[in-house]
Each structure stands twice: as structure tokens, then as C-alpha cells.
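First, the structure itself, so that you have it in front of you.
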Number of protein chains: 2
Amino acid sequence: MRLVIASCSVDYKGRLQASLPTAKRLIIVKADGCVAIHADTRGAYKPLMWMNAPNRVVETNESWVISNPKGEHLQITIAEILFDTSFDLGEDPGLQKDGVEAHLQILLADNPEEIEEGLSLTRREFPTDIGPVDMLCRDGDGNAVAIEIKRRGGIDGVEQLTRYLDYLNRDPKLRPVRGIFVAQEITPQAKTLAKDREIGFVEIDYEELQGIESNILRLF
Amino acid sequence: MRLVIASCSVDYKGRLQASLPTAKRLIIVKADGCVAIHADTRGAYKPLMWMNAPNRVVETNESWVISNPKGEHLQITIAEILFDTSFDLGEDPGLQKDGVEAHLQILLADNPEEIEEGLSLTRREFPTDIGPVDMLCRDGDGNAVAIEIKRRGGIDGVEQLTRYLDYLNRDPKLRPVRGIFVAQEITPQAKTLAKDREIGFVEIDYEELQGIESNILRLF
DNA sequence: AGTTCCATGTCGCGG
DNA sequence: CCGCGACGTGGAACT
């Protein structure tokens, strides 16, 4: 990884056009050739400008031209270099995440009864023309139930489930299909909308669900 | 801006939990106190972990604890510091952009016929209680047409336009109002949903539209 | 402060 | 490679 502090101006042309007047900034060039330009503000997350790998870097004395195969171009015009050093960081072992929707989905797929008594899983990520339904189940009466899972349940999630239900209920082999909206927390507006559309909703305690899962695993 | 190259492990607990085993990484601390941790891979854009301002940084010899008012915590445990320097970058003059939705809107407002033969603009950013409609037009028959413009057209855009149409069609002075979804690219799912709701859709070539605009300007 | 919506979103997964 | 949806989405504009 190469770190450069330089007074520079930058021009980007690609998905849009943008330019930065000359100022002191940090330029990061990573091992794979990707480039990011950071100012001292604008938050930790977002670079002022960037080019993701793969790309070609052509460096002359006073300007760097970075191009990628998609036809995007970044030109850095250097006025003055204040610092320029490279470091060998090696491969990063990567990070562990926990608590996202995907994991919640896996836990619920293993424990559909936590959503509703008598529920059994038919298929996870059941495909439709308008996208995959998180879980398709059968209830105790043998009727189809579509489940939409979110970490935080808002109106948009209810909208999404509504679309799936519209679609699924056109299939004579599935009909009637009702919906249950599942999330760790559901906003009051989402609950209201769900009630209005006769869609069920369940708030799931993630920690508790993990506990149930580990209890089950402990039995084996 | 402070740049630290260090062998460190990192733990985050907040919206989710995540951890990084010990490895050499770049730690950036910006003037406002926000922190980002970058590896030598993973692209130019995204840090491995970060904390946005505002936050408190408590630094001891071998560990940094960063907390924010929302109850998120980042702990950096330092094994070895290889480099640690601060730079004064000053305020950044900021950047100029061109080519985003706003500009596409301006071009289309000048050339509504590019969306549909016979279309004429009534008002841009037509206000409703649920937000402004990008363009309100009249078609060749004198009927109202609501236009939603996106750079990339997805289902959410169709959803948004649907809400506007529901609203506008309650107004007896406007009714009937139909909708056209306009974007540089529209996903197949969005097209399917639009068809299903009898909403029109048009894909617009931005470069071509710019060409038309400059041809018109050349006439004056 | 809360809400809504854009973004050069980026990222990851499945077809 | 494309399409789609999640994201610790972030960030800005507006109420």
C-alpha cells in the first residue's frame, strides 16, 4: 500500500464527470492498483474520488492517469508531493460478521415454528419473476405461507411481501397464499400497513433464536 | 489527518458484531475524529471497519476505544506500530459533479418529446403531499402524465411512481393520470412490475440526449 | 432531530 | 457475466 500526501487536482470521467480543484489530500494506492483520494473531512467512509480495481495506472512526473476496462478515467495532477511512502501489509485474514439478515434467515429456516406454530419450510429463496421469496412454507392446514425476513421491518418490506403475494396468488397450484412479515423490530407504520393488507407479522428475538439453535445443536 | 500503519486486531459491536484478527493495516483518523481501517485489498471504497463522526476516541498505549452516541463501539488493539504521522491538510474546496439524476431531469424537461411523442411539460418537481413528482406533463390527448426519472431504474422507482399516481388520481382536476418511468437503464423486474401496473417505461440514452441538447443550443 | 431519497453507491450471491 | 437485494449502507436535502 502506497500513501501519498500531495497538493493535487483531480478529474474523473466515467459514470459521471467530476473535478476537484487543487488542494492537499491523501492518495491511497492499494496492492491491486485501486486508488482512493481522501480529504480530511467528508467522513471516514467515502473517498472524494476513487477507482476500483482492475485498472491501469500510468504515472508521469506530474500526473497520474488511471483507467479501467469499463472506460472510466481518473486523472490526478500533482502540484506538490509532501509525502510518499509504500508499506507491505500482506494479505488480510478478513473479517467475521454476525447478525445480518442472511444469518437470521438460516436460523429461521431451521426453526420455522418460531414464526408460527405448525409452520414447515417448503423452500428457502423461492424464485419468482419479481425476485426470490425469503421462505415459502406450509402451515398446519397445508396452506402456503410466504415469509419475508428483514433485520429492521419497515414499510418497504411490507410492500415487497405484498408484491410476492400478488404474484404467488396467481398460481392455482399455490393459491391461497398468505404472508407473514418477520423482523427483529417492526416499525408501527409497517405493522399498520401489514394489518391493513391482512399480512401477519412477527418480531423475533435474535439472541433468543440463537439460544434455541445452540440448544438443538447441543442435543447431538 | 493521522495515518497509522500498525499490526492490530479490531472489534466492532453496534449494528452488528464483527472482528478482525491481528494483521498489518492502515488506520486513518480524520480531523473530525472519524476512524477508518483499511487493508491492502477490498477495493478503494470500503474500509474493513470504520466509525463515523461524531465519536469519542480513548487512546491508551495498546488499545483505542472509539464510541459514538448511538451506542456503537470500535476497539483497536495494537500489537505493533510501524508508522504514525499526522498531516495538516486544511479544508477541502469540494467537488463539482455532472451527470446525475438532476441533470438528466433538466435535459428531459427541455426535451419531453424524447420520452413520448406529443408530450409537453406542465411542471418540474410537481409538489404532492408525499413528495415531488419529477415531471408532470400533458400528452397529445391533453391527459396528465406523471414522469419518474432515475439513472438506474429498479423496482423501488416503480413503487415510488405508483404512490404518486395513487395520489394524483385522487385529484378530480388532474384525473386520469398515467405514469411513465424513465431511466438510462431499467431492470427486467422493474419492467415487469411497470407492465403489471400499466405504467409505461422508457430507457433514455444520456449521451444521445446531451447531443440533442447541444444541437438545439447550436441553433441559437 | 427525524425523514426521505440519491449514489460513480459497493458488495455478495445465485442463475 | 448479469440481475437482484442487502448494507453497520453513507450522505445530503428538506421538514
Side-chain angles (χ1 to χ4, degrees), chain A residues 10-19 34 36-37 41-53 68-74 95 97-105 124-134 148-152 154-157 160 163-164 187 189, chain B residues 11-18 34 36 42-53 68-74 94-95 97-105 125 127 129-132 134 148-157 159-160 163 183-193 206:
Chain A
V10 193
D11 291 278
Y12 165 79
K13 188 165 158 63
R15 278 174 284 184
L16 57 62
Q17 282 179 260
S19 62
C34 72
I37 295 146
T41 52
R42 251 199 182 232
Y45 204 90
K46 225 186 143 145
L48 286 171
M49 290 199 189
W50 69 96
M51 284 282 278
N52 279 335
N68 75 10
K70 280 184 280 184
E72 296 172 282
H73 301 273
L74 189 75
L95 89 167
K97 281 190 188 182
D98 180 27
V100 285
E101 187 196 329
H103 196 210
L104 188 58
Q105 241 193 74
R124 224 150 70 73
E125 300 287 342
F126 182 85
T128 76
D129 289 353
I130 52 169
V133 180
D134 285 341
E148 176 64 31
I149 300 165
K150 286 268 180 287
R151 193 170 59 83
R152 300 214 185 290
I155 280 182
D156 52 345
Q160 198 177 336
R163 288 196 301 273
Y164 292 141
T187 64
Q189 300 100 310
Chain B
D11 290 278
Y12 165 80
K13 189 163 160 66
R15 279 174 281 186
L16 58 65
Q17 282 179 258
C34 69
R42 218 166 209 264
Y45 201 88
K46 227 185 150 161
L48 285 171
M49 290 205 193
W50 69 97
M51 284 283 278
N52 280 333
N68 76 10
K70 279 184 282 184
E72 295 173 281
H73 301 274
L74 190 76
L95 86 168
K97 285 187 187 183
D98 176 29
V100 283
E101 185 194 329
H103 196 214
L104 187 59
Q105 239 191 76
E125 300 288 344
D129 290 352
I130 52 169
D134 286 342
E148 176 64 31
I149 301 165
K150 287 267 179 287
R151 197 173 64 80
R152 294 185 60 98
I155 276 182
D156 50 346
E159 216 58 86
Q160 198 176 338
R163 287 197 298 273
Q184 283 182 270
E185 295 172 277
I186 301 178
T187 65
Q189 287 195 343
K191 287 181 185 176
T192 304
L193 184 62
Y206 178 72

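Quick note on labels: first sequence line is chain A, next is B, and so on, each numbered from 1.
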When the distance from NZ of A:Lys13 to C1' of C:dT8 is rounded to whole Å, what number comes out?
13 Å
Just to confirm, is there a sub-4.0 Å distance from OP1 or OP2 of C:dG14 to any side-chain nitrogen or oxygen of A:Arg124?
no
So what does A:Glu72 hit on the nucleic acid, given a heavy-atom distance under 4.0 Å: a base, only sugar-phosphate, or nothing?
base
Of the candidates D:dA6, C:dC5, C:dT10, the side chain of B:Lys150 sits closest to C:dC5
Donor-acceptor contact below 3.5 Å, side chain A:Asp11 vs main chain A:Ser19
no
Which of D:dA6, C:dG12, D:dG11 is nearest the side chain of A:Glu148? It is D:dA6
Among residues at least two apart in sequence or on other chains, which ones pass side chain to side chain donor-acceptor pair (under 3.5 Å) with B:Tyr45?
none
Using a cut-off of strictly less than 4.0 Å, decide whether B:Thr187 has a side-chain nitrogen or oxygen near OP1 or OP2 of D:dC4.
yes
Among C:dC6, D:dG5, C:dC11, which nucleotide sits nearest the side chain of A:Tyr164?
D:dG5
I'd like to know if the side chain of A:Tyr164 reaches the main chain of A:Pro132, judged simply by a donor and an acceptor atom lying under 3.5 Å from each other, with no hydrogens or angles considered.
yes
Can you tell me the distance, in whole Å, between the CG atom of B:Asp129 and the C1' atom of D:dC14?
15 Å
Distance test, side-chain N/O of B:Arg152 to OP1/OP2 of C:dC5, below 4.0 Å:
no
Taking D:dA6, D:dG5, D:dT9 as options, the one with an atom nearest any side-chain atom of A:Arg151 is D:dT9
Can you tell which of D:dA6, D:dG10, D:dG5 lies closest to the side chain of B:Gln189?
D:dG5
Is the distance from OP1 or OP2 of C:dT8 to the nearest side-chain N or O of A:Lys46 less than 4.0 Å?
yes
Taking atom C1' of D:dG5 as reference, at what distance in whole Å does atom CD of A:Glu125 sit?
9 Å
Counting any heavy atom closer than 4.0 Å, what does B:Pro188 reach on the DNA or RNA strands: base, sugar-phosphate only, or nothing?
sugar-phosphate
How would you label the contact of A:Met51 with the nucleic acid (heavy atoms, under 4.0 Å): base, sugar-phosphate, or nothing?
nothing
Check the distance between D:dG10's P and A:Met49's CE and give it to me in whole angstrom.
22 Å
Round to a whole Å and report the spacing from CG of B:Asp156 to P of C:dC5.
10 Å
Give the nucleotide from the list C:dC6, C:dT10, D:dG5 with an atom nearest to the side chain of B:Glu101.
C:dC6
Report yes if the side chains of A:Leu16 and B:His103 come closer than 4.5 Å at any heavy-atom pair, otherwise no.
no
Tell me the interatomic distance from B:Lys191, atom NZ, to D:dG3, atom P, rounded to whole angstroms.
9 Å
What's the closest nucleotide to the B:Arg42 side chain, out of C:dG12, C:dT8, C:dT10?
C:dG12
With sugar-phosphate meaning primed atoms plus P, OP1 and OP2, does B:Asn52 contact a base, only sugar-phosphate, or nothing at under 4.0 Å between heavy atoms?
sugar-phosphate
Select from B:Ile155 and B:Tyr12 the residue whose nearest nucleotide in DNA chain D is closer to the 5' end of that strand.
B:Ile155
Separation of the C1' atoms in D:dC7 and C:dC6, to the nearest angstrom:
15 Å
Heavy-atom pair with the smallest gap, counting every atom of A:Met51 and A:Asn68:
CE-N, 3.8 Å
Using the rule for Phe, Tyr, His and the six-membered ring of Trp, do A:Trp50 and C:dT8 stack at under 5.5 Å and under 30°?
yes
A:Pro132 side chain: which of C:dC11, D:dG5, D:dA12 is closest?
D:dG5
NZ of A:Lys13 to CG of B:Asp98: how many Å apart, nearest 0.5 Å?
9.0 Å
